[in-house]
Amino acid sequence: LGTSNISACLSIPLNFEGRIPANPIPDWNSTSILRSISSGNWFQQNGWREHMYYAISLACSILTPNCSGVGYLTLNGAVNANVNKNMITIADGLPLTGQMRATAADKLTLTNYFEQGNATTLDNAYNRVFPLTNSFNDLTASIP
């Protein structure tokens with residue numbers, strides 16, 4: 001992947017979704033695989049965080065222990081039920097036709113990494129397609 005402008009890829013903290021923060025406050029400690037750039041982390045420095053996206057349901061916020069709140073996520077195409085997901089993670093595949101990832105502006109555009117509903121934030125619905133195709137190659141997983 002090489003070194004890239006990974007600080008340009010931001011999480012959306014108030015919406016419980018986004019990319020893994022490059023420089024979280026407070027800083028992750030030196031034993032975490034997700035520790036910040038200032039801690040010399042290979043995962044961060046080589047831009048792997050650009051290729052990962054997460055969403056946590058509002059029902060599973062810090063204010064609702066054991067996912068006892070309301071506002072779950074939907075994963076269309078899930079192996080089991082599509083609804084009431086606590087968390088969803090997405091890893092992109094190789095760039096598809098039209099997806100550009102060279103500049104800082106490219107890196108801020110989710111459609112350059114993810115397909116269909118996975119590139120649309122704030123709607124609490126995501127997609128899983130299996131097997132992967134030439135027009136959809138996101139690897140999507142959910143909890144539960």
Side-chain angles (χ1 to χ4, degrees), residues 1-62 64 67 69-144:
L1 293 174
T3 303
S4 60
N5 184 7
I6 56 181
S7 63
C9 302
L10 303 175
S11 294
I12 308 170
L14 297 177
N15 297 312
F16 300 92
E17 65 181 281
R19 291 182 167 129
I20 298 167
N23 289 300
I25 298 172
D27 195 4
W28 284 308
N29 66 39
S30 61
T31 61
S32 171
I33 188 172
L34 302 175
R35 65 184 180 264
S36 72
I37 296 168
S38 62
S39 300
N41 182 271
W42 179 89
F43 184 86
Q44 300 285 14
Q45 290 177 339
N46 288 286
W48 284 102
R49 61 179 294 285
E50 293 172 13
H51 305 277
M52 300 295 299
Y53 195 86
Y54 70 92
I56 300 168
S57 73
L58 293 176
C60 297
S61 76
I62 197 166
T64 54
C67 297
V70 296
Y72 290 92
L73 305 172
T74 297
L75 180 58
N76 298 311
V79 174
N80 49 20
N82 291 349
V83 296
N84 297 329
K85 302 300 182 184
N86 298 337
M87 179 179 175
I88 292 175
T89 59
I90 308 167
D92 69 359
L94 292 173
L96 300 175
T97 302
Q99 291 180 329
M100 305 298 292
R101 302 175 182 173
T103 68
D106 292 343
K107 294 169 192 257
L108 289 173
T109 305
L110 288 180
T111 54
N112 284 330
Y113 293 85
F114 308 111
E115 292 78 57
Q116 299 176 12
N118 296 346
T120 306
T121 61
L122 308 179
D123 64 359
N124 294 329
Y126 301 87
N127 295 316
R128 178 182 186 275
V129 172
F130 189 80
L132 300 178
T133 68
N134 289 335
S135 61
F136 189 100
N137 64 0
D138 296 346
L139 298 171
T140 311
S142 65
I143 300 171

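Keep in mind that the numbers below use all heavy atoms, side chains included, and drop hydrogens, waters and symmetry copies.
The aromatic rings of Tyr126 and Tyr53 are tilted relative to each other, their planes meeting at an angle between 30° and 60°.
Going from atom CG of Leu73 over to atom CG of Leu58 covers 8.0 Å, rounded to the nearest 0.5 Å. Taking CG from Asn124 and CG from Leu75, the interatomic distance works out to 12.5 Å, rounded to the nearest 0.5 Å. Atom OH in Tyr113 sits 13.0 Å away from atom CG in Asn137 (nearest 0.5 Å). Put simply, CG on Asn82 and CG on Asn76 are 5.5 Å apart, with the number rounded to the nearest 0.5 Å.
Asp138 places a side-chain N or O within 3.5 Å of a backbone atom of Glu115 that can act as its donor or acceptor partner. Put simply, the side chain of Lys85 gets close to the backbone of Pro144: a donor and an acceptor are under 3.5 Å apart. Checking side-chain atoms of Asn112 against main-chain N and O of Met100 turns up a donor-acceptor pair under 3.5 Å. Panel note: side chain Asp123, backbone Ala125; a donor-acceptor pair is recorded below 3.5 Å.
Side chains of Asp106 and Thr103: a donor-acceptor N/O pair is present below 3.5 angstrom, by distance only.
Put simply, the side chain of Thr140 does not reach to within 4.5 Å of the side chain of Val129, judged on heavy atoms. The shortest distance between side-chain heavy atoms of Ile88 and Glu17 does not fall below 4.5 Å. By the 4.5 Å heavy-atom criterion applied to side chains, Phe136 and Asn118 are counted as neighbours.
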Worked verdict on Tyr72 versus Cys67 for side chain to side chain contact (heavy atoms under 4.5 Å, CB included): CA-CA 9 Å; Tyr72 290 92; Cys67 297; 4.2 Å; yes

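The shortest non-hydrogen separation linking Asn127 to Gly117 is ND2-N, 2.9 Å. A pairwise comparison of heavy atoms in Ser57 and Gly71 identifies CB-O, 3.2 Å as the closest pair. Between Ala78 and Ala81 the shortest heavy-atom distance is CB-O, 3.7 Å.
The residue from Met52, Arg101, Glu50, Gln99 that alone fulfils the side chain to side chain contact (heavy atoms under 4.5 Å, CB included) condition with Asp92 is Arg101.
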